[in-house]
**Student:** 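Take this structure first; my questions come after.
Residue numbering restarts at 1 for every chain, and letters A, B, ... go by the order of the sequence lines.
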There are 2 protein chains.
Amino acid sequence: MTSQPDSALHSDVANPSRREQILRAAAQLFAERGSRAVGVDDVGAAVGVTGPAIYRHFASKDAMLAEMLLRISERLLAGGTERIAAAGDDPADQLRALVDFQVDFALDNPALITVQDRDLGALSDPDARRVRQLQRRYVEEWVAVLARLHPDASTAAVRARAHAVFGLINSTPHSAGRLSRPATAALLAEMAIAAATAR
Amino acid sequence: MTSQPDSALHSDVANPSRREQILRAAAQLFAERGSRAVGVDDVGAAVGVTGPAIYRHFASKDAMLAEMLLRISERLLAGGTERIAAAGDDPADQLRALVDFQVDFALDNPALITVQDRDLGALSDPDARRVRQLQRRYVEEWVAVLARLHPDASTAAVRARAHAVFGLINSTPHSAGRLSRPATAALLAEMAIAAATAR
DNA sequence: CGGCGGTGTGAACCGTGGTTAACCTCACCC
DNA sequence: GGGTGAGGTTAACCACGGTTCACACCGCCG
């Protein structure tokens, strides 16, 4: 799951294609200022290129954002499914696996977390629908696990619980900094489990 | 037509001044689409008026947003201080008071919650600084209480914990709907306390 | 060598949207 | 009853930013 010699059309972390560089820089800028507040020129400048050069790699600014959000949702859904499968049958183990996964993702990609819930509304209707569908499927993974831990709770309550746990873990971008990464991870995981299993 | 001579400069909930109507409509629209995506015309239309009419009540669109965010921060800080004072000396009681307060606020004003952390970056530097200062003071109220409950935790850890609890409670806008208000309030409060006191 | 696809540039185009200007109406008041 | 000021309206102004265009550069392949 690390660097392959890139036979498959440049998707390396070490030597990213220009397209990839743009996507990363854009994610960073979008997270800092909001997608509507950053210009195409800003994104270009961030990778050492002028604004219009972007259009050699993306059809439009909106297409850039759409691809960004779709990727995030896909990564989360795929990762969640995988972690659950690897965790065995005990719902408590599955919960811990999901929590660890989400905590790692949030700590590794605070910018993506921020963009995902701030700029979803800037997408075109069809794109927004696809992203929301992926997000919903991911949430349902959590709901299924939480439902087994709270057998007598309504699905509405379980879903609200899932969203609350996301909110807790995704608070990372707000508290970024002072605490060390492993300490933050341990703290968030502990709190998330406590919140998820409360009552 | 609607104007009612209000002894105290029109700040009624039942019969709000035009200025007040605008602020509320704007908060709603900003929450739904983001401040940069809603036009002055949209805000005007929402209160049955044309766009430029806004300028009879606000110096600019940015001034509108600034006043909105400043009020939120002030209400939170004032409310937090008051609830702590009314809760007595036991930090556990103080925590519960803060949690209940924040839960009520979040459930009563999901739009304001959304706008506050999404559009802070759209403020002018001086306005943003004032809002951040008020927010920081509110956070510090929480930190003080949490510190007494976790005597051997670093301030950085306690601050991260506070942000995580905010994230949990402020998840309301995402899970809005299906569950009844009192049920949601009870669930969020329970989870927040569990997360705040975990370990 | 010569064309060709891929990438980048500066200039120009143009819609959108915040803001201002000029004018209107009407309740209120001396 | 005419002046006044608050609050609206429409039309115009203007800056900003996404997008397109025409052109340049360059590595590569036949």
Side-chain angles (χ1 to χ4, degrees), chain A residues 6-11 15-27 29-30 32-69 115 119 121-125 127, chain B residues 1-12 15-27 29-30 32-69 115 119 121-125 127:
Chain A
D6 203 4
S7 57
L9 288 178
H10 316 272
S11 45
N15 191 22
S17 68
R18 179 49 55 92
R19 202 183 142 82
E20 224 51 41
Q21 293 178 35
I22 292 174
L23 228 33
R24 288 185 207 174
L29 290 173
F30 286 2
E32 287 164 9
R33 297 182 234 162
S35 70
R36 296 191 80 110
V38 337
V40 166
D41 289 347
D42 298 328
V43 177
V47 296
V49 140
T50 60
I54 301 285
Y55 292 85
R56 296 296 174 190
H57 304 278
F58 295 92
S60 68
K61 191 187 158 188
D62 288 333
M64 234 174 61
L65 181 62
E67 179 164 342
M68 197 180 301
L69 295 195
V115 174
D119 290 295
L123 255 49
S124 72
D125 273 353
D127 284 332
Chain B
M1 332 309 152
T2 56
S3 42
Q4 211 33 285
D6 199 4
S7 56
L9 286 176
H10 317 268
S11 43
D12 245 302
N15 191 20
S17 70
R18 181 48 59 88
R19 202 183 142 83
E20 223 51 41
Q21 293 178 35
I22 292 174
L23 269 179
R24 287 186 207 173
L29 291 172
F30 287 2
E32 287 164 9
R33 298 183 235 160
S35 70
R36 297 191 77 111
V38 338
V40 167
D41 289 349
D42 299 326
V43 177
V47 297
V49 142
T50 61
I54 301 286
Y55 291 86
R56 298 291 173 191
H57 305 277
F58 295 92
S60 69
K61 191 186 159 188
D62 288 334
M64 235 173 60
L65 181 63
E67 180 164 340
M68 196 180 304
L69 296 194
V115 174
D119 290 298
L123 256 49
S124 72
D125 274 353
D127 285 332

**Student:** Could you tell me the boundaries of the chain B footprint on DNA chain D, defined by atoms under 4.0 Å from its heavy atoms?
**Tutor:**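 On DNA chain D, the outermost contacted nucleotides are D:dG7 to D:dA11.
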**Student:** Just verifying a value: how many Å separate A:Ser17 OG and A:Gln21 CD, rounded to the nearest 0.5 Å?
**Tutor:**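 It is 7.5 Å, given to the nearest 0.5 Å.
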**Student:** Rounded to whole angstrom units, what separation is found between the CG atom of A:Asp41 and the P atom of C:dG10?
**Tutor:**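 Taking atom P of C:dG10 as the reference, CG of A:Asp41 is at 10 Å.
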**Student:** B:Lys61 NZ to C:dT16 C1': how many Å, rounded?
**Tutor:**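 About 11 Å, once rounded to whole Å.
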**Student:** Measuring from atom CE of A:Met68 to atom CZ of A:Phe30, what distance do you get when rounded to the nearest 0.5 angstrom?
**Tutor:**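 It is 5.0 Å, given to the nearest 0.5 Å.
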**Student:** When the nearest nucleotide of DNA chain C is assigned to A:Pro52 and to A:Arg36 on a heavy-atom basis, which residue is associated with the more 5' position?
**Tutor:**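 So the residue in question is A:Pro52.
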**Student:** If I take atom CZ in residue B:Phe58 and atom P in nucleotide C:dG18, what distance separates them, rounded to the nearest angstrom?
**Tutor:**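 My rounded result for the distance is 15 Å.
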**Student:** Which heavy-atom pair separates A:Val40 from A:Pro52 by the least distance, and what is that distance?
**Tutor:**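 Smallest heavy-atom distance, with atoms named: CG1-N, 4.5 Å.
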**Student:** Closest heavy-atom contact between A:His57 and A:Arg18?
**Tutor:**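 So the two residues come closest at NE2-CG, 3.4 Å.
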**Student:** Answer with base, sugar-phosphate or nothing: what part of the nucleic acid does A:Val43 contact at a heavy-atom distance below 4.0 Å?
**Tutor:**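 A:Val43: no heavy atom of the nucleic acid under 4.0 Å.
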**Student:** If I take atom CG from residue A:Asp42 and atom CZ from residue A:Arg33, how far apart are they, to the nearest 0.5 angstrom?
**Tutor:**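 So the CG of A:Asp42 and the CZ of A:Arg33 are separated by 4.5 Å.
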**Student:** List the atom of A:Asp62, the atom of A:Ala122, and the distance in Å for their closest heavy-atom pair.
**Tutor:**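 Minimum heavy-atom separation between A:Asp62 and A:Ala122: OD1-O, 4.3 Å.
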**Student:** For nucleotides 6-8 of chain C, which of its nitrogen or oxygen atoms have a protein nitrogen or oxygen under 3.5 Å away, and what is each distance?
**Tutor:**
from, atom 1, to, atom 2, distance (Å)
C:dG8, OP1, A:Arg18, NH1, 2.5
C:dG8, OP2, A:His57, NE2, 2.8
C:dG8, N7, A:Arg56, NE, 3.0
C:dG8, O6, A:Arg56, NH2, 2.3

**Student:** For B:Lys61 and B:Ile54, indicate whether the former's side chain and the latter's backbone hold a donor-acceptor pair under 3.5 Å.
**Tutor:**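 Side chain of B:Lys61 to backbone of B:Ile54, a donor-acceptor pair under 3.5 Å: no, none is there.
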**Student:** Compare every heavy atom of B:Ala46 with every heavy atom of B:Leu29, then report the nearest pair and how far apart it is.
**Tutor:**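 Here B:Leu29 and B:Ala46 meet closest at CD1-CB, 4.0 Å.
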